[in-house]
There are 2 protein chains.
Amino acid sequence: MFGNAMSEKKGCASPISTRLAEMKGINLDANANAPVTRRVVDAVMAGLAAGTNPSSAHAGGAEARETITRARDAVAALAEGVFDDGVVFTSGCTEANNTVLHAARALRATLITTAVEHPSVLSPSAALQRDGISVIRLPVGGDGVVAFDELERHLGAVRGAIVLSVQTANSETGVVQPIQEIARLVANRGDILFHTDAAQSFGKLPLVLGDGGAHAASVSAHKLHGPMGTGAILLCDGEDRIHPLLYGGDQEGRRRAGTEALPLIAGMGAACAERADQLDADVGRMRILRDRLEASIVSSVDGAAVNGVGASRLPNTTSIRFEGRDAMEIVARLDAQGILVSQGSACSSMRPTPSHVLVAMGLTEAQAFSTVRLSTSPMNTEVEIDRAIAAIERVCREVSRAV
Amino acid sequence: MFGNAMSEKKGCASPISTRLAEMKGINLDANANAPVTRRVVDAVMAGLAAGTNPSSAHAGGAEARETITRARDAVAALAEGVFDDGVVFTSGCTEANNTVLHAARALRATLITTAVEHPSVLSPSAALQRDGISVIRLPVGGDGVVAFDELERHLGAVRGAIVLSVQTANSETGVVQPIQEIARLVANRGDILFHTDAAQSFGKLPLVLGDGGAHAASVSAHKLHGPMGTGAILLCDGEDRIHPLLYGGDQEGRRRAGTEALPLIAGMGAACAERADQLDADVGRMRILRDRLEASIVSSVDGAAVNGVGASRLPNTTSIRFEGRDAMEIVARLDAQGILVSQGSACSSMRPTPSHVLVAMGLTEAQAFSTVRLSTSPMNTEVEIDRAIAAIERVCREVSRAV
């Protein structure tokens with residue numbers, strides 16, 4: 001089935017390099033997936049070559065465990081307040097979010113979250129609610145920032161344990177939540193497991209756990225050029241309230257059973273190490289490219305406006321509504337020109353419903369349906385950005401305004 | 001952190017080929033992990049190169065979805081009674097087992113399983129029991145085969161829905177359970193979700209779902225030369241009683257949320273396609289090598305005997321007890337000579353407890369601690385087997401019998 005395609009490839013260096021070279025398209029959808037780097041590819045290859053189960057007692061197993069330990073160190077190094085034994089590898093951020101929220105069962109806690117979380121928080125919250133757990137969804141303001149007074153009020157009113165899950169940054173708008181301020185409220189009340197979905201911010205903004213931050217964070221490899229299919233729960237020192245969602249072997253300190261995805265974990269380690277090595281340059285580059293994109297479009301396209309513009313935002317993300325135009329039409333026309341952008345988060349991009357994030361921010365359905373998300377990575381170039389700007393301006397002239 | 005190791009590698013063809021060539025050791029631990037083949041490596045590389053999220057609406061997303069569809073077809077083709085939409089990719093067999101067993105909650109079912117299941121069945125069963133689900137663990141006979149009369153009795157006595165989980169083959173002994181006969185009992189009673197953990201048998205024995213088989217099976221990529229960290233739930237046509245364990249996006253027909261592990265899924269597809277292409281040759285080869293290994297050792301080492309010898313067994317596995325000798329010592333001495341074998345399943349190989357499988361078969365603790373598992377793959381050669389036989393004979397002369 002894979003036979004013909006594979007046998008044409010001599011050696012294994014060619015497919016990636018050929019493909020990367022062939023990618024004449026412009027990827028402005030890094031929040032859905034940031035393509036792997038050469039260093040990540042090499043690490044995945046080395047992980048594949050290991051050939052032994054990390055749980056095996058023999059020398060081969062020890063070597064595989066060493067690979068995982070190196071990756072664990074590299075992931076921990078991108079966060080403050082996390083030691084290597086605070087890194088629990090999972091199959092991605094969805095599993096990480098589900099696992100942390102699931103602690104609400106054992107803790108008999110009230111779950112407080114926000115209306116703008118990713119589906120991998122909202123959907124398990126709904127499942128917990130069906131099972132009898134009380135769930136409170138905090139509203140956000142017009143800028144996408146969580147209603148702080150509402151949070152304060154609920155923290156005072158709720159009796160008993162609380163699991164609080166607030167994203168660090170929104171995947172669609174890039175709007176950043178005041179995690180440090182929330183951590184202060186949490187410290188004052190006590191009996192709260194404070195979790196943050198940091199999938200989009202990890203490696204783009206500082207992540208602090210413990211003092212001044214959440215107790216637990218969920219992160220994903222493929223948002224920072226690691227491979228799809230792996231991620232981690234990060235825990236501050238001494239945090240032991242997480243309960244396994246997957247039971248079985250003794251992997252991951254008995255907090256997550258299952259044979260480790262060794263190649264992907266090695267790739268995630270490499271991605272984190274690479275980001276750490278060039279953190280300022282990468283983040284600066286994403287920001288410059290995003291700012292150039294955003295400023296040009298807003299100034300040249302009539303009716304274009306940035307969602308969440310008043311708030312602190314991720315350096316690489318812009319959510320632009322093209323008032324009166326159909327975003328699906330814009331996305332499709334750009335796609336036909338090899339420019340990859342999206343309407344919202346990939347995990348809900350196939351649904352014909354308006355973005356729950358934008359609706360929560362007070363946008364009308366029509367405004368939500370007119371919004372396009374653009375997200376940059378350090379792999380993008382100035383030339384790409386300028387070509388994208390020109391293409392977007394052209395498409396916006398073609399797609400007439402309905403209003 | 002990974003920097004030095006990575007930067008020394010020019011191109012990516014070298015690490016794998018070098019490593020495979022360097023593997024002068026003899027891997028007789030295929031049940032823990034069967035090393036990846038070249039075809040699998042190529043498929044993982046192609047999956048890494050895809051670079052777009054399969055959930056993205058744009059053309060890049062469509063291409064990634066196509067990769068997953070091809071893998072789904074290849075996995076389904078290794079089982080009878082499974083169509084492509086009956087393949088639910090997971091992070092491995094542990095997640096697959098946990099997900100299927102978890103259906104007992106929603107079905108308000110009694111869970112019936114066996115005493116010799118893998119920890120990824122036994123451990124979630126214990127968790128369900130703590131949550132109030134009735135769990136029955138069927139005993140096995142001295143040959144490791146499930147007590148059929150006990151199963152029949154419980155199926156008659158239990159009222160209401162049942163989730164029945166019986167492994168196809170045991171990972172430690174290779175003993176095969178009478179799935180077809182059990183399927184007949186299940187069909188007669190009705191209101192049973194019949195699941196089989198087929199991790200070790202997939203690609204070694206025929207797997208039939210639906211008529212004459214279970215309704216659901218769990219399989220793993222890395223037991224048949226696919227990468228570690230992916231697997232699947234296979235469902236017979238129309239089976240809809242499985243409930244998600246991971247909630248979030250709409251991936252996998254809304255049965256398993258989370259961005260797909262595209263590189264690993266591509267690798268699993270390639271492994272399944274490769275096995276399908278050379279099924280008879282691979283299985284025949286594993287059996288010849290295992291038989292040669294087993295017969296030589298039993299005839300030449302005093303006190304050596306095969307566990308479960310009377311039962312139908314996997315073609316590649318032998319569980320040999322070296323009466324009066326310490327298996328840990330044997331494993332360590334073979335390891336020092338580059339020969340990888342194990343005491344039991346990798347997922348519990350670090351524990352200083354006797355194998356629950358062997359104890360359930362009536363072995364004494366001492367006999368369990370004297371047992372070594374040897375498992376072959378088609379990658380092994382006759383020369384390796386003969387070297388391993390000589391080494392095991394030598395080690396058994398060195399490790400004196402305590403009795």
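Below, chain A is the first sequence line, B the second, and so on; all start at residue 1.
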Any residue meeting salt bridge (Lys or Arg N to Asp or Glu O under 4.0 Å) with Arg333(B), in chain and number order, not counting sequence neighbours
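Salt bridge (Lys or Arg N to Asp or Glu O under 4.0 Å) check on Arg333(B) returns Glu329(B), Glu398(B).
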What pairs of residues pass the salt bridge (charged side-chain N to carboxylate O under 4.0 Å, His left out) test when at least one of them lies in residues 120-131 of chain B, not counting sequence neighbours?
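As it turns out, the salt bridge (charged side-chain N to carboxylate O under 4.0 Å, His left out) pairs with a partner in residues 120-131 of chain B, which skip direct neighbours, are Arg105(B)-Asp131(B).
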Name the region of Val341(A), side chain, backbone, both or neither, that has any atom closer than 4.5 Å to a heavy atom of chain B.
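The backbone, not the side chain.
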Please look at Val44(A) and chain B and tell me whether the side chain, the backbone, both or neither of the residue comes under 4.5 angstrom of a heavy atom of that chain.
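Looking at Val44(A), just its side chain touches chain B.
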Would you say that [X] contacts [Y] through its side chain, given a criterion of any heavy-atom pair below 4.5 Å between the two side chains?
| X | Y | value |
| --- | --- | --- |
| Leu264(A) | Thr230(B) | no |
| Asn53(A) | His222(B) | yes |
| Thr52(A) | Asp29(B) | no |
| Thr259(A) | Ser220(B) | no |

What residue, out of [options], has the most heavy-atom pairs lying under 4.5 Å from chain A?
| options | value |
| --- | --- |
| Ala34(B), Gly92(B), Ala59(B), Ala64(B) | Ala59(B) |
| Ala336(B), Ser120(B), Gly47(B) | Ser120(B) |
| Ala257(B), Ala276(B), Pro227(B), Ser125(B) | Ala257(B) |

Can you name the closest pair of heavy atoms from [X] and [Y] and give their distance?
| X | Y | answer |
| --- | --- | --- |
| Pro119(B) | Gly249(A) | CB-N, 4.2 Å |
| Ala32(B) | Ser56(A) | CB-OG, 3.7 Å |
| Pro124(B) | Gly248(A) | CD-N, 4.4 Å |
| Ser91(A) | Glu95(B) | OG-OE1, 4.3 Å |
| Gly60(B) | Leu340(A) | N-CD2, 4.4 Å |
| Met228(A) | Glu260(B) | CB-O, 3.3 Å |

Would you say the side-chain atoms of Arg256(A) and Thr94(B) include a donor-acceptor pair closer than 3.5 Å?
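Looking only at side-chain atoms, Thr94(B) and Arg256(A) do not form any donor-acceptor pair under 3.5 Å.
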Just by modelled atom types, is the His58(A) backbone N or O under 3.5 Å from a matching donor or acceptor in the Asp335(B) side chain?
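No, because the side chain of Asp335(B) does not come within donor-acceptor range (under 3.5 Å) of the backbone of His58(A).
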Is it true that a side-chain atom of Asn98(B) and a backbone atom of Tyr247(A) form a donor plus acceptor pair closer than 3.5 Å?
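Yes, the answer is positive, given that a donor and an acceptor are paired below the 3.5 Å cut-off.
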Can you tell me how far CG of Leu246(B) sits from OG1 of Thr99(A), rounded to the nearest 0.5 angstrom?
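That separation rounds to 7.0 Å.
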